[in-house]
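Below: one structure, written as C-alpha cells.
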Amino acid sequence: MTYTEDVRAGERRHRVRDRHGWPRRLTVLCAGLLLALLGTAAPASAHAALRGTDPADGTVLRTAPRQVTLTFTESVGLLTDSFRVYDPRNHRVRTGEADHVPGRSDTARVTLPARLGTGTYTLAWRVVSADSHPVSGALTFSVGRRTAAAALAPERTEDPATTTLYNIARYVAYLAVALLLGTAAFVAYCRPRVRDQLRRPALAAGWTLAAATAALFLLRAPYEEGTGPTSALGLSALARTAATRPGELLLARLLLLAVAGACALSVRRWRGAVPRRAVLTAAAVLAVALCLTWAAAEHASAGLQVPVAVASATLHLLAMAAWLGGLTALLLTLRRTAPEAAEPPVHVATRFSRLAFASVTVLVVTGVYQSWRGLGSWQALTGTPYGRLLLAKLAAVTLLLAVASRSRRWTARLAEPAPVPLAGRVPQPAGGPPPPPEPEPPAAPRPSPDRLRRSVLAEVAVGVVVLVLTTLLTSTLPGRAEAEAARSGTAVAGIPAASVTTIPFDVGTPGGHGKVQVTLDPGRVGANSVQAVVYGPDGGLSAVPEVRITLTLADRRIGPLDTRVTDRGGYWAAGSFDVPLPGTWTMKVTVRVSEVDQVTVSRTVRVVR
C-alpha cells in the first residue's frame, strides 16, 4: 500500500469512528446539562392549595380562638412539627398536637392555649399534599388589635441541597424507567436479531432506577421537613418515611425491581424451558405494577375521578416508555449495524413504527384526559404555569411527531425491494420489431442508513425534552386547583395570603441601616391594609420619624399612589388602601431615621385579582 493510500485509509477509519462517536458524546453532554439545570432549579409550585382558614388570615378578633383550622383543596398529611405559632414578640407559643378534623382528611387543626394576650400572632405551617409534595405557608390573626409583630416569623424553607438531590433523583428515575421498559418492549415486539447488545443498557437502567429510588426513599423525610440531607441518616426519619404512602410506594418499587431482576435471571438460566407467552405476561404485569408506583403518588392520586386518573396516568407512562425508551433501543440497534452492511435491520424499524403509532395513540387519549383534569378551563392554558408547561410539552410532542414522520418515511423506502433487471432476450411479435421502449424515469436514490440513524437520534433528543417537561408537569400546581384557591380568596399553598416584602436600607451613617418589612393584606385588587415594621441593625424594632410608601404601575402609567401610612406606636399602617388593577407594581419605601438622614428603596410587588 502506498503512502497516499495509507493516509486515505486512515481518514476513512477516522470518519467512521467520528460518525459512531459523536452521538455518544452528544447524549452524555445533553444528559449532564439537563441534570445540572433541573437539579439546581427553584422548587416547583406546590400541589395542594389553601382553600380557607378559621380564623381568616389578617382577621382582628375580640376574643382569643381556641384553635386554628386550615382547609386545603385536597387531603394532606401532617408532619411531626406541622404547625408553629408565634406570639407578638416572635416567641413560640406552646400548642396542642396537630390533627385532622374528624372525617376530613383535607382539613387540619391545631389547639391554642386557653389565654392569648393582645396582639398579632403568626401561624407557620407545613404539610404534605396528597400527591406527595410538601407545601408550606403562613397566616396571621390578631387578638384585640394589630401589633408590630404582624410580620411573618422566621420559618423553615426548602433546603437547597436536599431539594437539588431530590429533584435529580426524580428525573433520573423517570429517564431510567423509560429506558428499562422501552427496551423490554422493543425486544419483545420488534425482535431484533441481536439482543445481547441491548442487555447492557437495560441492566444499567435497572440498577440506575433502583439507586434513584433508594435515594428518593432516603431523602424523603428531609425533603418533607425542609431540613438538610444529613438528617436522612437517622433511623427515626427512615421509619417515619416507611409509614407514609410515598414511602410505601418507593419500597414497593424497590421490591418490584428485585422481583423483575430475579425473573430475568431465571429466564436467562432456563432459556428455552419457559414459554415465551408466560415470560411476556409476567413482564407486562411487572411493568404495569411499576408504573402504578408513580401514578399512585402524583397528580392522579388526588382530585376528581381518582381511579380513572390513576389508570390513565399508568397507561400514559407505559406508552411514553414504549415510545421514548424504544427509540433509544432502536438507535442502539442501528448504531451496532456495521457501516459496510448493505441494509440496516429494516424489519426492526418497521415493527417499531407500528409500536410507536400505538404508543402515540395512547399518549394522545390519556394526555387529553389528564389535561382536562388538570386545567379545568381554557383560561388556565395560558394563565397558569401548569398550562404554559402543557403548551410547551405539546409543542415538543408536535416536533417529535414531525421528526418521527421523516424517520418512518425513510424506513418505508429502505424496506422497498431493490429493482431486479430482466434477464434474457425479450420475445418480439411476429409482425416486426416492437417500437423502442419509452425510457423509464430514474429511480429515486434510496436513503443512506446513516440518515435513519441521525433521524432516530434527533427523535431521542426531542423525546428527552418531552420527558423532562412531563416530569416538570408532575411538580407544578394544576390549573384547576389554582383556580379553586383563587375563587376561595386564598393564595396558592406555599405563598402567604398576604403579600410580605422585606427591603434592606442604609442611609450611609453609623447605625443608619436595617430593614423595613411591608405587609400588603390580602395583596389583591381592591381594599388592602398596609403595615410597615422597621428593624434596626440589631434586628430589633426601630422607631423612626417617618415612613412613606408609594405604589406605581409603570406599564399602565398609574401612580405613584401614596398609601398614607401613619405611626401606630411602634409600626406604621394604613387601614384601607385601594389597589385598582392587578399587575407587578413598584413599591417605593422612604425611611427617615433622623431630621436630615433618609433613604428611598424599592421592590416589585405582585398584585392579583
Side-chain angles (χ1 to χ4, degrees), residues 46-130 132-144 146-147 149-158 221-227 236-237 240 243-245 302 485 488-498 500 519 521-522:
H47 295 173
L50 187 60
R51 179 182 294 165
T53 64
D54 184 18
D57 183 29
T59 303
V60 179
L61 306 172
R62 292 184 178 180
T63 59
R66 289 308 311 274
Q67 66 180 17
V68 179
T69 304
L70 283 73
T71 303
F72 298 88
T73 56
E74 61 184 50
S75 59
V76 295
L78 300 178
L79 304 173
T80 305
D81 199 17
S82 275
F83 295 94
R84 295 184 179 188
V85 180
Y86 297 89
D87 64 14
R89 296 184 179 181
N90 255 354
H91 297 154
R92 187 170 179 181
V93 176
R94 190 183 300 274
T95 62
E97 185 177 356
D99 61 353
H100 289 96
V101 172
R104 296 290 303 275
S105 60
D106 62 345
T107 304
R109 64 184 179 183
V110 60
T111 304
L112 301 176
R115 292 183 179 181
L116 292 179
T118 301
T120 300
Y121 292 79
T122 302
L123 170 68
W125 52 267
R126 187 178 181 89
V127 297
V128 181
S129 59
S132 77
H133 295 271
V135 288
S136 59
L139 61 91
T140 62
F141 63 91
S142 302
V143 179
R146 289 191 177 97
T147 61
L152 294 178
E155 182 54 20
R156 298 165 295 174
T157 58
E158 306 293 337
Y223 176 67
E224 292 180 348
E225 297 282 351
T227 57
S236 60
R240 186 169 63 253
T244 62
R245 184 166 60 90
S488 64
T490 60
V492 174
I495 305 175
V500 181
T519 301
D521 189 4

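For clarity, every value in this text was computed on a predicted model and none was experimentally measured. Here, residue 1 is the first one in the sequence, and each next residue gets the next number. Values below: all heavy atoms of this structure, side chains included; hydrogens, waters and symmetry mates excluded.
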- request: Check for a donor-acceptor pair, side chain of H100 on one end and backbone N or O of G77 on the other, with a separation under 3.5 Å.
  value: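 No, the answer is negative, given that no donor and acceptor are paired below the 3.5 Å cut-off.
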- prompt: In chain order, what residues pass the side chain to side chain contact (heavy atoms under 4.5 Å, CB included) check against R245, with sequence neighbours excluded?
  reply: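 R245: side chain to side chain contact (heavy atoms under 4.5 Å, CB included) contacts with A130, L249, S301.
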In Å and rounded to the nearest 0.5 Å, what is the [atom1] to [atom2] distance from [X] to [Y]?
X	Y	atom1	atom2	value
L78	F83	CG	CZ	6.0 Å
E224	S82	CD	OG	9.5 Å
Y121	L116	OH	CG	4.5 Å

Can you see which heavy atom on [X] is nearest to which on [Y], and at what distance?
X	Y	value
P88	G119	CG-CA, 3.7 Å
T120	S142	OG1-OG, 2.7 Å
G96	V110	O-CG2, 3.6 Å

- request: Take V127 and L79 through the side-chain contact (heavy atoms from CB on, under 4.5 Å) test and state the conclusion after the steps.
  value: CA-CA 6 Å; V127 297; L79 304 173; over 6 Å; no
- prompt: Which of these, T111, L123, V85, sits in a side-chain contact (heavy atoms from CB on, under 4.5 Å) with T95?
  reply: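 Considering T111, L123, V85, a side-chain contact (heavy atoms from CB on, under 4.5 Å) with T95 is found only for V85.
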- prompt: What residues, two or more places apart in sequence or in another chain, satisfy side-chain hydrogen bond (donor to acceptor under 3.5 Å, both in side chains) together with R240?
  reply: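 Expected list: none.
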- prompt: Are R126 and P134 close enough that some pair of their side-chain heavy atoms sits under 4.5 Å apart?
  reply: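 Yes, close enough: below the 4.5 Å cut-off.
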Donor-acceptor pairs under 3.5 Å, side chain of residues 59-69 to any protein atom, not counting sequence neighbours: which ones?
from, atom 1, to, atom 2, distance (Å)
T59, OG1, A56, O, 2.7

Contacts of type salt bridge (Lys or Arg N to Asp or Glu O under 4.0 Å), residue D99, not counting sequence neighbours: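 For D99 the salt bridge (Lys or Arg N to Asp or Glu O under 4.0 Å) partners, ignoring immediate neighbours, are R109.
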task: For the pair W125 and F72, name the ring-plane relationship: parallel under 30°, tilted 30 to 60°, perpendicular over 60°.
output: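 The arrangement is perpendicular - the two ring planes meet at more than 60°.
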